*Asks:* 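One structure, as structure tokens, below. Some questions next.
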Amino acid sequence: MLYSRYFIPTIKETPSDAEVVSHQLMLRAGMIRKLASGIYNYLPLGLRSLRKFENIVREEMNKADAIEMLMPSVQPAELWQESGRWAFYGKELLRFKDRKEAEFCMGPTHEEVITDMVRREIKSYRQMPLNFYQIQTKFRDEIRPRFGLMRGREFIMKDAYSFDVDSAAADLSYEKMYNAYMRIFERCGLNFRAVEADTGSIGGSSSHEFMVLADSGEDAIVSCNACRYAANVEKAESPLFTASSDAALEALVKVSTPEMKTIADVAAFMHVASNTTIKTLVYASEAGDLVMALLRGDHELNELKLKNHLGWDDIQMASEEQILACTGSPVGFLGPIGLKREIPVIADRVVQGMTNVVVGANEKDQHFKNVNCGRDFDVSTFVDIRIVAAGDACPRCQSGKLEMWRGIEVGHVFKLGTKYSKALNATYLDANGREQIIFMGCYGIGIGRTVAAAIEQNHDENGIIFPIPIAPFHCSVVAVNTKDSGVMAAAEEIYLCLEKLGIEVLFDDRDERPGVKFKDNDLIGIPIRIVVGSKGLAEGNVEVKIRSTGEVLQLSLGEVVSAVTLRIGTALAHSQ
RNA sequence: CGGUGAGUAGCGCAGCCUGGUAGCGCACCUGCCUUGGGAGCAGGGGGUCGCUGGUUCGAUUCCAGUCUCACCGACCA
């Protein structure tokens, strides 16, 4: 490719509205341009990287026996009404009507469409297992699109759906996809973790997220430093609580604690450690149901765990009026003792072993000390509702400690069970001629997001450092002075030779000063740069610079093509 | 959705308080010069100041409305 004939509109200054590095660099490198909030043009260079990654995904999907197809992005409302998600999905689902007033939506995901196809075509157990995938544009009307391709509204996704005769067979399909995902992200040279995850709005029984580690990641994850346990913090189990104290129970005392509203204030005021206090929270459902949650003072509530435990669709902190009505106390002095109105009290498991603790007295400026569960108040259920913290013991191996990371969710695999097949009545006949419900799984990879995550993980102050498998070009040839016919001839020959060998080369033949070309080459992240200049050429040499390491090699004209080809070939083979 | 802030040339911004039809840097075009890390000189093109209405002789500037965009959003009982 001739740079002068191609289209790479690079930007010198960092656009002011780009917050994260990958967004800034993709704009500056001329890979993307914003069309509207969360909606982007993929410019030629950006598209090349996306296609590279898509092809890696495609290869691994095919190897794992998934079959490619393509579904429409516009979907009829009826299917969504049938699955029950038309009402459930909320504003993220972009809905509209056609000229006949028939309702449609832009597909945010394709369980309904694929399940509809399968129920029409699949009749027998002999036709399974089946796994269909597509690489296609999705639309989700996100509340707050941000970070460029990281959280767009329109985005490219690979989604796959498996269909099996029973749960055990579905587990095998899940396993195959899990392994394929591991290979995909390994091939891209990414530092990532596969973590246990909540199933969220997609539903289903269990799932893993694939998280690229990056400080700018929107998710918090933990992993054990001894065993393979890793989980999204939303999902991460806290370690089993151990041993209760055998301290003697002391008499309950009410203490005046004026204006002491936070755990830190109260603990400091009473000269106790915050882990000998109990934090009392009141939560409400949308319907107005209330629940009280108790946690050790230095712990934090995992709202998702509480919500899942209660089986509520929605959970939020109770309003001050709601709190006053059930406890009789303003926020800051809440506790489980002497409630005005009976509400369920859910306590974290750790609370069970605490003795002589401090809690709010449900009275302004008053706390109790020497409070003991069972004697002074009752708990409806003890259950794990706290957010794990770095340094917690691993819930699996017990011996390891949990480490915390920030992660970017680039892939997600779910066991769906029969959630959609039941709703849409996707059945088959088993060997005995009996009708059975199909077991499903679904598997997604954010294509644009993965490329962005790769940039997030591979860049320096000069720009992107693309891993060769997803770089838009393998290498570039830079002619230092285009007016020098000797330089141009030598550069062109190298360029043509490499192209002939199937290497993707960007030939920077622009009539620009060398500094401009070097800056652009660094910015757009070309992994290997071949510089042809008059000085080196006088000695029969060209310079080869490796973007990732900064390594500079002086190679003769005779050896440069084979050396570069070998290097690229090795990098690509290594990633297969 | 709520809070905050911003819309002036392709990009980044100034001007607005104190109304008189707009400026800077980068980018772009022409010429000269230059060619190993975003050079220099000279000349030039480009803006109904987000939109609508109001006040005024006159509005980018003041007022009202509206649209768009960006950032933040329980850190807690």
Side-chain angles (χ1 to χ4, degrees), chain A residues 9-20 23-24 27-28 30 33-39 90-92 141-148 220 257 259-267 274 277-284 292-303 315-320 322-324 326-327 329-336 358-364 367 386-387 461-463 478-484 487-488 508 510-524 529-537 541-543 545 550 552 554:
Chain A
T10 57
I11 301 171
K12 242 197 269 190
E13 294 171 64
T14 301
S16 62
D17 57 351
E19 283 287 299
V20 298
H23 187 196
Q24 293 168 355
L27 287 169
R28 289 190 54 208
R33 288 290 184 267
K34 187 171 75 175
L35 180 64
S37 178
I39 301 176
K91 288 188 180 165
E92 247 179 55
D141 200 357
E142 295 274 351
I143 307 170
R144 218 179 118 198
R146 58 182 139 179
F147 303 156
T257 53
E259 297 302 319
M260 299 291 151
K261 292 189 180 184
T262 66
I263 292 288
D265 289 345
V266 171
S274 59
T277 68
I278 287 181
K279 182 186 281 188
T280 306
L281 305 163
V282 181
Y283 274 80
M292 179 169 276
L294 304 181
L295 291 151
R296 199 172 80 186
D298 58 329
H299 286 166
E300 291 194 44
L301 180 77
N302 183 325
E303 291 184 5
I315 194 164
Q316 58 202 3
M317 293 192 94
S319 66
E320 292 195 24
Q322 286 173 313
I323 289 173
L324 197 60
C326 80
T327 66
S329 161
V331 164
F333 309 96
L334 305 184
V358 172
V359 302
N362 287 328
E363 196 179 319
K364 183 163 170 30
H367 278 78
R386 77 174 180 92
I387 294 180
E461 65 283 359
N462 292 314
V478 175
V480 170
N481 184 349
T482 52
K483 299 268 165 43
D484 183 326
V487 164
M488 279 305 275
D508 197 342
R510 293 175 299 167
D511 183 19
E512 289 284 355
R513 294 169 63 86
V516 173
K517 299 187 182 187
F518 294 150
K519 287 287 184 189
D520 277 341
N521 271 262
D522 285 350
L523 177 59
I524 66 181
R529 185 182 78 196
I530 303 166
V531 181
V532 184
S534 48
K535 286 178 205 156
L537 207 55
N541 285 337
V542 296
E543 174 194 290
K545 185 164 185 181
V552 177
Q554 297 293 336

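Numbered from 1 within each chain, the chains take letters A, B, ... in sequence-line order. Predicted model, so just to flag it, every value in this text is computed and none were measured. Excluded from the calculations below are hydrogen atoms, water molecules and symmetry mates; all remaining heavy atoms, backbone and side chain alike, are included.
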*Asks:* In this structure, how many angstroms lie between the P atom of B/U34 and the NZ atom of A/K517, rounded?
*Replies:* 17 Å

*Asks:* For B/U48, give the paired nucleotide (Watson-Crick: N1-N3 plus N6-O4 or O6-N4; G-U: N1-O2 and O6-N3; both under 3.5 Å), or none.
*Replies:* none

*Asks:* Determine the interatomic distance between C1' on B/G10 and the same-named atom on B/G73; round to the nearest Å.
*Replies:* 34 Å

*Asks:* Any strand is fair game: report the nucleotide pairing with B/C24 by Watson-Crick or G-U wobble, both distances under 3.5 Å, or none.
*Replies:* B/G12

*Asks:* Please work out if A/R33 contacts a base, only the sugar-phosphate, or nothing of the nucleic acid, heavy-atom cut-off 4.0 Å.
*Replies:* nothing

*Asks:* With sugar-phosphate meaning primed atoms plus P, OP1 and OP2, does A/I263 contact a base, only sugar-phosphate, or nothing at under 4.0 Å between heavy atoms?
*Replies:* sugar-phosphate

*Asks:* Quick one: on RNA chain B, does A/V331 or A/A18 contact a more 5' nucleotide (nearest heavy atom)?
*Replies:* A/A18

*Asks:* Between B/U35, B/C76, B/C26, spot the one nearest the side chain of A/N481, thanks.
*Replies:* B/U35

*Asks:* Report which part of the nucleic acid A/G533 touches: base, sugar-phosphate, or nothing (heavy-atom distance under 4.0 Å, all strands).
*Replies:* base

*Asks:* So, A/R296 side chain and A/T277 main chain: donor-acceptor pair closer than 3.5 Å or not?
*Replies:* no

*Asks:* The side chain of A/K483 is closest to which nucleotide in this list: B/U35, B/A74, B/A39?
*Replies:* B/U35

*Asks:* How far does the P atom of B/A22 sit from the matching atom of B/C41, given to the nearest Å?
*Replies:* 28 Å

*Asks:* Which base, if any, makes a Watson-Crick or G-U wobble pair with B/U60, both distances under 3.5 Å?
*Replies:* none

*Asks:* Can you find a donor-acceptor pair, distance only, under 3.5 Å between A/D522 side chain and B/G37 base?
*Replies:* yes

*Asks:* Just so I know, are the side chains of A/K545 and A/V478 near enough to count as touching, which here means a heavy-atom distance under 4.5 Å?
*Replies:* no

*Asks:* Students often get this wrong, so: under 4.0 angstrom with heavy atoms, is A/K279 touching a base, only sugar-phosphate, or nothing?
*Replies:* sugar-phosphate

*Asks:* Nearest of B/U35, B/G38, B/A77 to any side-chain atom of A/V480?
*Replies:* B/U35

*Asks:* I'd like the C1' distance from B/A9 over to B/A42, given in whole Å.
*Replies:* 22 Å

*Asks:* Provide, to the nearest angstrom, the distance between the CE atom belonging to A/M260 and the P atom belonging to B/A77.
*Replies:* 13 Å

*Asks:* Just how far, in rounded Å, is P of B/C71 from CD of A/E19?
*Replies:* 5 Å

*Asks:* Within this structure, what is the NE2-to-P distance between A/H23 and B/C69, rounded to whole angstrom?
*Replies:* 14 Å

*Asks:* Side chain of A/T262: nearest nucleotide among B/G37, B/A77, B/G25?
*Replies:* B/A77

*Asks:* Quick one: look up who B/C1 pairs with, Watson-Crick or G-U, both distances under 3.5 Å, and put none if it's unpaired.
*Replies:* B/G73

*Asks:* What is the distance, to the nearest angstrom, from the OH atom on A/Y283 to the C1' atom on B/A74?
*Replies:* 8 Å

*Asks:* Find out whether A/Y283 and A/Q316 are in side-chain contact, i.e. whether some heavy atom of one side chain is under 4.5 Å from a heavy atom of the other.
*Replies:* no

*Asks:* Within the 4.5 Å heavy-atom criterion, are A/V282 and A/M292 side-chain neighbours or not?
*Replies:* yes

*Asks:* Look at the side chain of A/R146 and the base of B/G73, then say whether one donor and one acceptor between them are separated by less than 3.5 Å.
*Replies:* no

*Asks:* Can you tell me which nucleotide in B/A77, B/G36, B/G38 comes closest to the side chain of A/M317?
*Replies:* B/A77

*Asks:* Between B/U60 and B/C51, how many Å separate the two C1' atoms, rounded to a whole number?
*Replies:* 14 Å

*Asks:* Tell me the partner of B/G37, counting only Watson-Crick (N1-N3 plus N6-O4 or O6-N4) or G-U wobble (N1-O2 and O6-N3) with both under 3.5 Å; none if nothing fits.
*Replies:* none

*Asks:* When you compare B/C67 with B/U52, how far apart are their P atoms, in angstrom units rounded to a whole number?
*Replies:* 15 Å

*Asks:* Is any N or O donor-acceptor pair between the side chain of A/D520 and the base of B/G38 shorter than 3.5 Å?
*Replies:* yes

*Asks:* When rounded to the nearest Å, what value does the distance between C1' atoms of B/A74 and B/G2 take?
*Replies:* 12 Å

*Asks:* Is it true that A/D508 and A/R529 have a side-chain N and a carboxylate O under 4.0 angstrom from each other?
*Replies:* no

*Asks:* Quick one, A/I387 and A/H299 - any side-chain contact, counting heavy atoms below 4.5 Å?
*Replies:* no

*Asks:* When you compare B/U48 with B/A59, how far apart are their C1' atoms, in angstrom units rounded to a whole number?
*Replies:* 13 Å

*Asks:* Rounded to whole Å, how long is the line connecting atom CZ of A/R386 with atom C1' of B/C75?
*Replies:* 17 Å

*Asks:* Check whether the side chain of A/K545 and the base of B/G37 form a donor-acceptor pair under 3.5 Å.
*Replies:* yes

*Asks:* Give the nucleotide from the list B/U35, B/C76, B/G38 with an atom nearest to the side chain of A/E300.
*Replies:* B/C76

*Asks:* Partner of B/A6 by Watson-Crick or G-U wobble geometry, both contacts under 3.5 Å, or none?
*Replies:* B/U68

*Asks:* Nearest of B/U35, B/G36, B/A77 to any side-chain atom of A/T280?
*Replies:* B/A77

*Asks:* Out of B/A70, B/U35, B/C11, which has the shortest distance to the side chain of A/S37?
*Replies:* B/A70

*Asks:* Working to the nearest 0.5 angstrom, can you tell me the gap between A/K34 NZ and A/I39 CD1?
*Replies:* 10.5 Å

*Asks:* Students often get this wrong, so: under 4.0 angstrom with heavy atoms, is A/V531 touching a base, only sugar-phosphate, or nothing?
*Replies:* base

*Asks:* I need the CG-P distance between A/L27 and B/G12, as an integer number of Å.
*Replies:* 10 Å

*Asks:* Under 4.5 Å between any side-chain heavy atoms of A/V531 and A/V480, yes or no?
*Replies:* yes

*Asks:* Check for a donor-acceptor pair, side chain of A/K517 on one end and backbone N or O of A/R510 on the other, with a separation under 3.5 Å.
*Replies:* yes

*Asks:* Determine the contact category for A/N462: base if any of its heavy atoms lies under 4.0 Å from a base atom, sugar-phosphate if only primed atoms, P, OP1 or OP2 are that close, otherwise nothing.
*Replies:* nothing

*Asks:* As a test of reading the structure: which of B/G36, B/G38, B/U35 is closest to the side chain of A/E543, going by heavy atoms?
*Replies:* B/G36

*Asks:* Identify whether any heavy atom of A/R510 sits under 4.0 Å from a base atom; if not, whether one sits that close to sugar-phosphate; answer base, sugar-phosphate or nothing.
*Replies:* nothing

*Asks:* Between B/G15 and B/G31, how far is it from one C1' atom to the other, in whole Å?
*Replies:* 33 Å

*Asks:* Calculate the interatomic distance between A/Q316 atom CD and B/A74 atom P; express it in whole Å.
*Replies:* 13 Å

*Asks:* Side chain of A/R513: nearest nucleotide among B/A39, B/A74, B/G38?
*Replies:* B/A39

*Asks:* Can a side chain N or O of A/K34 be found less than 4.0 Å away from OP1 or OP2 on B/A70?
*Replies:* yes

